[in-house]
Amino acid sequence: MAILDGRGAPGAPAVQWSAMTLPPPSASSRPHARRGSDSRARAKAPVPATAAWREGDDAGARLFADVGTFDLEAGGRLPDVRVAYETWGTLAPDGSNAVLVLHALTGDSHVVGPAGPGHLSAGWWEAMVGPGAPIDTDRYFVVAPNVLGGCQGTTGPASAAPDGRPWGGRFPRITTRDQVAVEIELARALGISSWALVIGASMGGLRVLEWAILGPESGISVESVAVIASAAQTSGDQIAWAHPQIGAIRADPQFRGGDYYDVPDDQGPHVGLGIARQIAHATYRSARELDERFGRLPQGGEDPFTDGRYAVQSYLDHHGDKLSRRFDANSYVVLTESMLTHDLGRDRGGVDEALGQITARTLVVAVDTDRLFLPEDSARIAQKVPGAQPLRLLHSEFGHDGFLIEFDQLGPIVTQFLAERAQV
C-alpha cells in the first residue's frame with residue numbers, strides 16, 4: 001500500500017495542508033417577473049462529456065494512496081484501487097487526534113479550500129473544518145477521502161481498467177461496505193489505528209454507520225461517530241426517488257451504455273445527468289422553501305403559458321446544468337446504486353441488532369424538514385445505539401440541504417460533542 005503525492009509519485013509525505021455549500025436566499029435573490037429576453041437565450045459554454053478527474057489532470061490538493069485489490073460483496077474483484085484524499089492539520093505522535101470526514105453523493109475530498117486548478121468547486125464544508133472551526137485543525141488531523149466509485153481521483157468508472165481503457169459501463173456493482181473496506185485500507189496506509197471521530201452526512205452518514213462496526217472488526221478503533229441527516233437502512237421511498245434518476249441517465253442516447261469518455265463536448269450524457277440532478281434536488285429542499293421562494297412566479301422574461309418556465313423550473317435547470325459541469329454520469333449511477341444496497345442489519349440480525357453492536361460515542365443529527373432522510377430515520381439510530389446521545393434537530397426551511405446551510409446550529413452541536421470527548 002503505497003502513499004503517493006498529488007502527482008501520483010510514491011514516497012511523498014502522507015500529511016499535507018491543502019459539493020457545495022448553498023447559502024440561504026437573500027431577499028434580493030428572490031425571483032421576480034421582469035421584462036426582457038428569454039433567460040435561456042444566453043450562450044453557455046459547451047458541457048464536457050465528463051467532469052471526472054482523470055490521470056494527467058492537475059491534482060490540486062489531492063494526495064493518493066494505492067490500497068490494493070478488493071473482493072466485492074456483489075462478486076468479482078476490483079484490482080489496483082487508488083484513493084484520492086486530502087488532509088488538514090497534524091497527526092499527533094500517539095495518533096489520538098485523527099478525524100475522518102465522509103462526503104455525500106456529489107461531494108468529494110475537497111472539504112476545505114478554494115475552487116481552482118484541480119478543483120471545480122470550493123470546499124463543501126468550510127464552515128465546519130479548519131483552524132478554530134468546530135472540527136479544529138489546530139487540534140485534529142482531518143482526513144477526507146473521495147469515495148470508491150466517485151469521480152474525483154478515487155478508482156471509479158472514469159479510471160483506467162486493467163486493459164488501459166476507462167471502466168465506463170464495465171465498472172462493477174459496489175456496496176456501502178465495499179466503500180468502507182477501501183477506506184479502512186486507506187487508514188492503514190496512513191498509519192492510523194484509531195479515529196477520534198468519524199463524521200458524515202447523507203451518503204456519508206451511511207458509511208459512518210458501517211465504519212462504527214467494520215472499523216473495530218478490522219482492528220481500527222472508532223471512538224466517536226456523528227451521523228447527520230442519514231439512516232441505518234435505505235427506505236422504499238428513497239429507492240423510489242433514485243429509480244427515475246438512474247433511468248434518466250441510462251435513457252439518455254448519449255450515455256452509450258456508460259462508454260462516453262472520449263466523445264466531444266456537448267455529446268456526453270449531460271441531459272440525463274441534469275434531469276437526475278433535478279429530481280434529486282427537489283428532494284434535497286423542502287416544499288415550504290420552494291413555495292415561499294418561488295411559488296408560481298414565472299422566470300424573468302419567460303411566459304409559462306407559451307414555451308416559458310416558472311422560476312422554480314429555471315432553478316432546477318440551473319442545478320442540473322451546474323452538476324453536469326462538475327460530475328460524471330457513470331459515478332452518479334454507481335454511487336446511487338451503492339446507496340440502495342445500504343442496510344446496516346444485513347447479515348447482522350436486523351437493523352436494531354446491528355445498531356446495538358455500535359460501541360462508539362454517537363451523535364445523531366436530523367433536519368426537521370428533511371423529506372429524503374426523515375427525522376424518524378435518525379431517531380431510530382439515536383434510540384438503538386447504546387452510546388448515543390438524544391437526537392439533535394436542526395430547524396431549517398431548507399430540507400435535507402440543511403446540513404450544508406445551518407452551520408450556526410450544526411457547528412455548536414459538533415463543537416460540544418468534541419468538547420465532551422476531551423472531558424472524558
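Index from 1, following the sequence.
- A heavy-atom distance below 4.5 Å is found between the side chains of Thr155 and Phe171.
- No side-chain heavy atom of Phe141 sits under 4.5 Å from any side-chain heavy atom of Val99.
- Shown here are the side-chain hydrogen bond (donor to acceptor under 3.5 Å, both in side chains) partners of Trp167, two or more places apart in sequence or in another chain: there are none.
- Ser202 places no side-chain N or O within donor-acceptor distance of the main-chain N or O of Gly204, the cut-off being under 3.5 Å.
- For the atom pair CD1 (Ile199) and CG (Leu363), the distance works out to 7.0 Å, reported to the nearest 0.5 Å.
- To the nearest 0.5 angstrom, Asp237 atom CG is 7.0 Å from Leu374 atom CG.
- The pair Arg361-Glu420 counts as a salt bridge, with a side-chain nitrogen and a carboxylate oxygen less than 4.0 angstrom apart.
- Taking each heavy atom of Val351 and Asp343 in turn, the nearest pair found is CG2-OD1, 3.6 Å.
- A salt bridge does not link Glu210 with Arg207: none of the charged nitrogens is closer than 4.0 Å to a carboxylate oxygen.
- Between Trp195 and Trp211, the two ring planes are perpendicular [angle over 60°; tilted spans 30° to 60°].
- Note on Glu397 versus Arg288: salt bridge recorded, some NZ/NE/NH1/NH2 to OD/OE distance being below 4.0 Å.
- A cation-pi contact links Arg82 to Phe64, judged by a cut-off of 6.0 Å to the six-membered ring centre and 45° from its axis.
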### Message
Pair Arg380, Asp352 - check salt bridge (Lys or Arg N to Asp or Glu O under 4.0 Å), show working.
### Response
CA-CA 8 Å; Arg380 183 183 190 184; Asp352 291 351; 3.1 Å; yes
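- Taking every heavy atom of both residues into account, Glu337 and Arg250 meet most closely at OE2-NH2, 3.0 Å.
- With Val364 as the partner, the side-chain contact (heavy atoms from CB on, under 4.5 Å) test is satisfied by one option alone out of Leu393, Val385, Ile381, Ile228: Ile381.
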### Query
For Lys322 and Asp317, what are the C-alpha separation, side-chain angles and deciding distance, and is it a salt bridge (Lys or Arg N to Asp or Glu O under 4.0 Å)?
CA-CA 8 Å; Lys322 190 172 183 178; Asp317 284 343; over 6 Å; no
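- Ion pairing between Arg285 and Asp370 fails under the 4.0 Å rule for side-chain N and carboxylate O.
- Minimum interatomic distance between Val367 and His400 (heavy atoms only, all atoms of both residues): CG2-O, 4.3 Å.
- Heavy atoms from other residues, nucleotides or ligands lying under 6.0 Å from CZ of Arg348 number more than 12.
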